[in-house]
2 protein chains.
Amino acid sequence: MTATTTTRTSTEGNHERLTATGEGLRRALDGPFHATKQRWRREVDAEDIARSPDFSVEEARAWALEKVVALSGRDFVTAGFPEAYGGTGSLAESVANFEMLAMGDLSLTIKSGVQHGLYGGAIMNLGTKYHHDNFLSDAVTVRTPGCFAMTELDHGSDVQNLETTITYIPESQEFEIHSPHPRAAKAYIGNAARDGRMAVVFGQLIVGEENHGVHAILVPIRDSEGLPLPRVTTGDHGHKGGLNGVDNGTILFEHVRVPRLMLLDKFGGVDEDGAYHSPIKKRSARFFTMLGTLVRGRICVGGGAASAGRKALSIATRYALERKQFPRPNIGDEIRLIEYQLHQRKLLPEIARAYAFGFAQNEVSLQLQRLHDADAGSVESRELETRAAGLKMLQTRWANDTVQVAREACGGAGYMSENGITLTRHDVDIFATFEGDNTALALLVAKALLLDYRATWGDLNLRDTAQKTAALVGTAILERTTARAPIERLIKAARGKSEAEQLSARGWHIQMFDFREKHIVEGLAQRMRAAAKASEEGLFAAVNACQSHMVAAARAHMDRVVLEAFIAGIEACQDDYIRSLLVRVCDLYALATLEEHRAWYMEHNAFDGKRSKGLTSAVEDLGQELAGKALELVEGLGVPTAWLNSTIA
Amino acid sequence: MTATTTTRTSTEGNHERLTATGEGLRRALDGPFHATKQRWRREVDAEDIARSPDFSVEEARAWALEKVVALSGRDFVTAGFPEAYGGTGSLAESVANFEMLAMGDLSLTIKSGVQHGLYGGAIMNLGTKYHHDNFLSDAVTVRTPGCFAMTELDHGSDVQNLETTITYIPESQEFEIHSPHPRAAKAYIGNAARDGRMAVVFGQLIVGEENHGVHAILVPIRDSEGLPLPRVTTGDHGHKGGLNGVDNGTILFEHVRVPRLMLLDKFGGVDEDGAYHSPIKKRSARFFTMLGTLVRGRICVGGGAASAGRKALSIATRYALERKQFPRPNIGDEIRLIEYQLHQRKLLPEIARAYAFGFAQNEVSLQLQRLHDADAGSVESRELETRAAGLKMLQTRWANDTVQVAREACGGAGYMSENGITLTRHDVDIFATFEGDNTALALLVAKALLLDYRATWGDLNLRDTAQKTAALVGTAILERTTARAPIERLIKAARGKSEAEQLSARGWHIQMFDFREKHIVEGLAQRMRAAAKASEEGLFAAVNACQSHMVAAARAHMDRVVLEAFIAGIEACQDDYIRSLLVRVCDLYALATLEEHRAWYMEHNAFDGKRSKGLTSAVEDLGQELAGKALELVEGLGVPTAWLNSTIA
């Protein structure tokens with residue numbers, strides 16, 4: 001079967017010849033987004049998205065603006081907006097588009113992400129018809145380049161304590177936007193340094209004597225010629241560690257006035273009489289509802305980082321299949337890198353993780369769409385936000401590590417910019433920080449687990465979290481997220497298997513993932529409840545001591561969610577041969593994850609040292625087995641070869 | 001004691017005010033190189049060494065050349081050469097100089113490393129008086145920028161199979177240098193793209209019908225005006241992932257002729273009659289003796305990477321001491337990042353590792369000097385080469401990971417080039433690859449261990465290694481590398497301690513490090529001896545399956561060597577308070593290393609799950625304790641604040 005399926009080539013894709021196995025894997029991994037993603041592969045050329053590594057900062061910025069306008073005109077980055085304003089597809093498709101663009105260039109991706117996802121998304125989600133009618137079309141076409149001005153120099157992760165004020169002036173029916181001191185300037189804002197004309201500015205809304213918490217308002221920052229406006233001072237962050245196509249900068253406001261209607265007032269506004277009104281009574285609930293509408297950004301950033309990882313793996317694997325070094329003992333021909341055990345260990349488990357994350361990403365995109373369509377309740381929203389945060393954290397960490405592994409796997413060649421990895425390496429770095437610092441996100445995921453999704457997500461500080469930790473964890477969070485029936489079947493099938501058989505039994509993998517999650521989350525809940533009893537002075541120390549435990553809980557939960565998504569993805573695959581291959585890839589994902597956490601399992605007597613060593617052997621054996629399908633597997637990751645922008649690949 | 005020692009400030013260093021504790025730590029960590037390093041701190045300003053991150057490639061190259069000439073003129077990078085040719089210090093001091101320069105800028109460091117370390121070093125070590133008299137002074141002053149042309153496009157790690165030929169032409173008493181095909185071009189060569197005038201070219205020396213193996217020869221590649229010479233084609237690698245101040249390029253030779261005297265003939269040459277002669281009979285022994293003289297390069301590269309890690313930790317720690325985020329529960333003041341458990345976990349164990357590597361680096365530099373002075377035998381040379389390879393591998397891996405941790409620990413600010421981390425991140429990446437790919441080096445270290453340093457280092461391929469693996473490992477390799485008496489005393493003192501007491505008993509740490517090394521190396525030796533019995537066809541597979549085991553052996557050996565160096569460093573410290581602090585830092589290094597490998601220990605029943613969890617708690621507690629001394633600890637790392645080139649630090 002292998003021989004025929006791998007030698008047949010396909011004409012799908014733009015000039016790209018794939019093995020049939022690679023094509024089948026690509027179809028399975030694209031899943032519900034295959035058509036959307038194939039349109040990119042057919043119609044988008046390298047020149048539409050491939051950036052030169054030696055552009056200066058200004059050249060890169062000019063290039064990114066030009067290309068994002070062009071892609072917008074061709075409807076590649078406009079999904080998620082209503083058709084009346086130039087939109088062309090669903091929210092879920094907008095995530096798929098982001099992922100494809102990220103296979104091309106991350107500066108361009110973030111340039112579009114700032115414009116369409118953050119700036120346009122804020123108008124759409126926080127604004128009302130007035131804002132949609134007046135500002136949305138120009139956001140979609142990039143006629144008005146816009147900023148999403150949330151982060152400040154002094155407050156980044158702690159958005160609730162932003163210092164910018166939005167004060168209502170009843171006399172003139174205006175709002176006055178003000179940065180009380182230089183460290184309250186908006187910072188790291190895309191489009192601020194050069195292109196932005198308008199900004200969605202987040203600040204404390206003050207009406208009369210009362211602070212209603214953080215709201216967002218539209219504020220012009222430059223005129224239509226790009227000249228500065230009075231009382232608005234923009235700064236330029238200049239050269240960055242990557243993403244130099246995005247013009248990040250600072251914005252400082254000195255008593256800037258805008259009309260009352262500029263407030264994005266879907267969740268809270270001021271009427272003509274100067275009275276504040278909101279459909280959500282509680283201030284913090286309102287804030288997190290507003291933030292919750294921005295969940296797509298995190299889903300996109302996680303998926304985009306994974307695309308960067310897939311691209312780097314595609315380059316490194318293709319190189320490993322060609323590159324030879326050192327003669328074979330006694331025979332004399334030279335050995336391909338992919339044949340070396342250490343090289344297999346570097347690449348194959350990461351390819352398996354790329355598949356796992358891909359299936360999980362598809363699922364969260366569909367979940368986003370489903371909740372949007374159904375106007376879901378708060379527990380469902382919390383669950384989506386938790387999953388988005390967790391996947392963002394997992395995938396951006398993985399992408400950073402994996403792009404580095406790929407660079408090193410290509411040796412000196414990997415360091416030459418012409419080979420396509422280093423630009424990606426530089427650009428993906430900040431994905432670990434923006435749209436939620438990964439450490440902060442891990443803590444948020446853990447909080448949501450402790451509270452069983454009941455409380456408004458992010459609503460509670462650690463003290464309150466400790467005090468409100470559920471008496472019993474489990475009802476909502478330990479439920480299967482998908483594929484319930486097949487998973488129960490697999491668990492049943494694994495029962496009574498011998499130790500040796502268990503290693504390749506999916507049901508055993510699931511039980512092990514379940515056990516780790518349940519044990520860590522329950523142990524954490526106990527510690528948090530105990531911490532809640534600390535004295536007022538001792539509370540910070542008591543909760544602070546649980547931080548590593550919280551990260552472990554978030555990781556364990558997300559690992560289980562990802563495994564379930566992989567199983568669901570295999571269930572959905574219609575092709576027997578492709579499915580059988582995905583089963584082996586999933587084996588590698590599961591075993592590599594168990595191996596990574598084997599110390600924890602031994603500490604908790606889930607298995608002994610012998611079994612632990614068996615896991616390592618199994619990972620090595622599977623890596624060797626799948627190395628024989630390495631080309632097909634990276635074809636399946638879905639990055640068109642023409643986009644790799646790499647001489648060696 | 002703490003209060004008085006930390007408030008006193010020092011006037012040592014260029015405009016730098018240090019706490020007395022920081023100064024004491026710096027003195028201890030500098031060790032025998034304190035005077036050499038203080039000269040840099042006093043006399044070298046940021047403008048001498050700080051590169052602008054937004055230089056174009058050509059600007060960066062021009063800057064690096066200008067600065068390296070200036071530093072050479074001030075005798076900062078000329079140690080290790082004989083005084084007659086412009087040298088000013090010992091070999092060991094040349095390593096210390098490299099480390100200091102690497103605290104400034106890595107492009108500049110590698111520009112000097114190529115010129116003085118590789119090009120100048122090759123002339124010094126492989127050449128004879130004729131070459132010294134004619135070429136060394138101009139190498140030292142950079143009047144003749146030179147290349148070290150070893151690596152080829154097709155052969156990098158596998159230097160023995162280079163394809164460039166150096167063929168003797170008896171008629172004219174010349175050598176002809178030739179690249180037989182384009183993939184045999186020299187590649188990634190520093191100084192090749194722009195500045196180089198002369199190259200030390202490595203190739204197969206052919207005299208008559210016989211190939212005498214790889215030798216090195218001086219070949220002009222450009223005239224004194226920088227214009228190309230006939231039959232020499234240079235190429236430009238252009239933009240790279242970092243180190244853009246170094247002009248890496250390719251060199252292709254088409255039957256280039258040079259006089260007979262240009263062969264660097266210390267270890268093998270051709271006399272006037274056309275006869276080959278060498279003091280070393282065996283071809284491969286000769287080759288590895290030649291390579292062995294270049295051991296300093298690896299020692300420098302490991303130390304330079306560690307300097308980059310120290311610099312990034314200095315920036316991130318200073319930021320963590322200032323930066324606040326989120327209010328303290330019930331109290332309302334904001335919390336400094338350094339107070340968070342997760343932040344302590346990120347930074348403190350790495351600071352401890354920085355100290356550990358620093359002491360190990362000092363030791364290997366002294367060992368280099370000692371062997372040079374004593375004209376040491378082959379086992380001693382092998383031991384030095386093994387240690388240099390192992391420390392290069394450990395420190396460059398650590399630096400890559402740690403600079404990334406530091407970047408992320410500074411959040412968005414860490415990504416702004418003005419804050420000094422990202423340029424270092426880009427530059428240090430390739431340290432994992434050049435001067436020996438880390439994976440290849442790990443295998444070489446393991447081979448040396450298996451062969452008990454007896455065989456010529458690197459001499460044997462894996463088949464031969466398997467076949468010649470010592471019947472009993474241990475005589476040479478398991479010996480203490482330093483501080484024998486104090487270590488035996490510490491082990492004795494730990495005997496009979498309770499489990500709880502063991503965690504902080506150095507003797508127990510040592511025993512655990514010893515056990516891991518011994519067990520892994522012996523297990524590997526058994527597997528290799530078994531592999532040697534495989535059929536000719538099965539041999540590659542059998543040995544290949546041991547690769548991960550080999551890496552583990554190399555790691556375990558080096559971890560033990562580093563711990564011993566730390567203990568020796570503490571022994572040498574004369575200040576009681578500083579010594580007591582170093583003891584705690586060493587505790588953290590030892591415990592964090594044991595924690596990292598806790599799965600292995602449990603797999604081998606060295607301790608149980610309870611002890612394993614206790615290790616993690618101990619690392620957390622120590623991190624918290626030492627966070628209270630974080631400023632002093634990073635001062636001790638020895639990077640002058642003026643050199644951090646960082647707005648946030």
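In what follows, chains are A, B, ... by sequence order, proteins preceding strands, each numbered from 1.
With respect to chain B, the highest number of heavy-atom pairs below 4.5 Å among A/Glu339, A/Arg611, A/Lys324 belongs to A/Glu339. Chosen from B/His426, B/Gln344, B/Arg323, B/Glu620, the residue pairing most often with chain A at heavy-atom distances under 4.5 Å is B/His426. Options B/Asn400, B/Asn161, B/Thr422, B/Thr433 differ in how many heavy-atom pairs under 4.5 Å they form with chain A, and the most are formed by B/Thr433. Per-residue counts of heavy-atom pairs under 4.5 Å with chain B were compared for A/Gly412, A/Ala442, A/Ala187; the largest is that of A/Gly412. If you tally non-hydrogen atom pairs under 4.5 Å between each of A/Lys346, A/Gln404, A/His237, A/His343 and chain B, the highest count goes to A/Gln404. The choice from A/Gly242, A/Gly241, A/Ala599 that makes the most heavy-atom pairs within less than 4.5 Å of chain B is A/Gly241. By number of non-hydrogen pairs under 4.5 angstrom with chain B, the leading residue of A/Ala545, A/Gly238, A/Ser56, A/Cys546 is A/Ala545. Interface summary for chain A: among B/His604, B/Gln624, B/Arg345, B/Lys610, the most heavy-atom pairs under 4.5 angstrom belong to B/His604.
For B/Asp608, the side-chain hydrogen bond (donor to acceptor under 3.5 Å, both in side chains) test picks out no residue, with sequence neighbours left out.
In this structure, the separation between CD1 on B/Ile648 and CG on A/Leu153 is 11.5 Å, given to the nearest 0.5 Å. Expressed to the nearest 0.5 Å, how far CD of B/Gln341 lies from CG of A/Asn544 amounts to 6.0 Å. The CG atom of B/Asn244 sits 6.5 Å away from the OG atom of A/Ser417 when rounded to the nearest 0.5 Å. Within the model, atoms CE of B/Met602 and CH2 of A/Trp600 stand 11.5 Å from one another, a figure rounded to the nearest 0.5 Å. A distance of 8.5 Å separates CG in B/Leu443 from CZ in A/Phe326, rounded to the nearest 0.5 Å. Expressed to the nearest 0.5 Å, how far OH of A/Tyr415 lies from CG of B/Leu243 amounts to 4.0 Å.
The main-chain N or O of B/His239 is never found under 3.5 Å from a side-chain atom of A/Asp54 such that the two would form a donor-acceptor pair. Under a 3.5 Å cut-off, the side chain of B/Gln325 and the backbone N or O of A/Asp158 do form a donor-acceptor pair. Side chain of A/Arg598 to backbone of B/Glu603: no donor-acceptor contact under 3.5 angstrom is found. Side-chain N or O atoms of A/Tyr188 include one that pairs as donor or acceptor with a backbone N or O of B/Ala413 at under 3.5 Å.
For the pair A/Arg397 and B/Glu408, the salt-bridge criterion is met [side-chain N within less than 4.0 Å of a carboxylate O].
The contact between A/Ile335 and chain B is made entirely by side chain atoms (from C-beta outward), counting heavy-atom distances below 4.5 Å. Residue contact with chain B, scored on non-hydrogen atoms closer than 4.5 Å, involves the backbone and the side chain of A/Ser548 alike. Both the backbone and the side chain of A/Asp154 come within contact range of chain B, each with at least one heavy atom under 4.5 Å from a heavy atom of that chain.
Side-chain atoms of B/His155 and A/Glu334 form a donor-acceptor pair, as typed in the model, at a separation below 3.5 Å.
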- Query: Can A/Asp429 and B/Arg407 be said to form a side chain to side chain contact (heavy atoms under 4.5 Å, CB included), step by step?
  - Reply: CA-CA 9 Å; A/Asp429 182 346; B/Arg407 201 297 289 154; 2.7 Å; yes

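Atom CD of A/Glu322 has 12 or fewer heavy atoms from other residues, nucleotides or ligands within 6.0 Å.
Each salt bridge (charged side-chain N to carboxylate O under 4.0 Å, His left out) pair with one or both residues in residues 417-428 of chain A, not counting sequence neighbours, appears once here: A/Arg51-A/Asp427.
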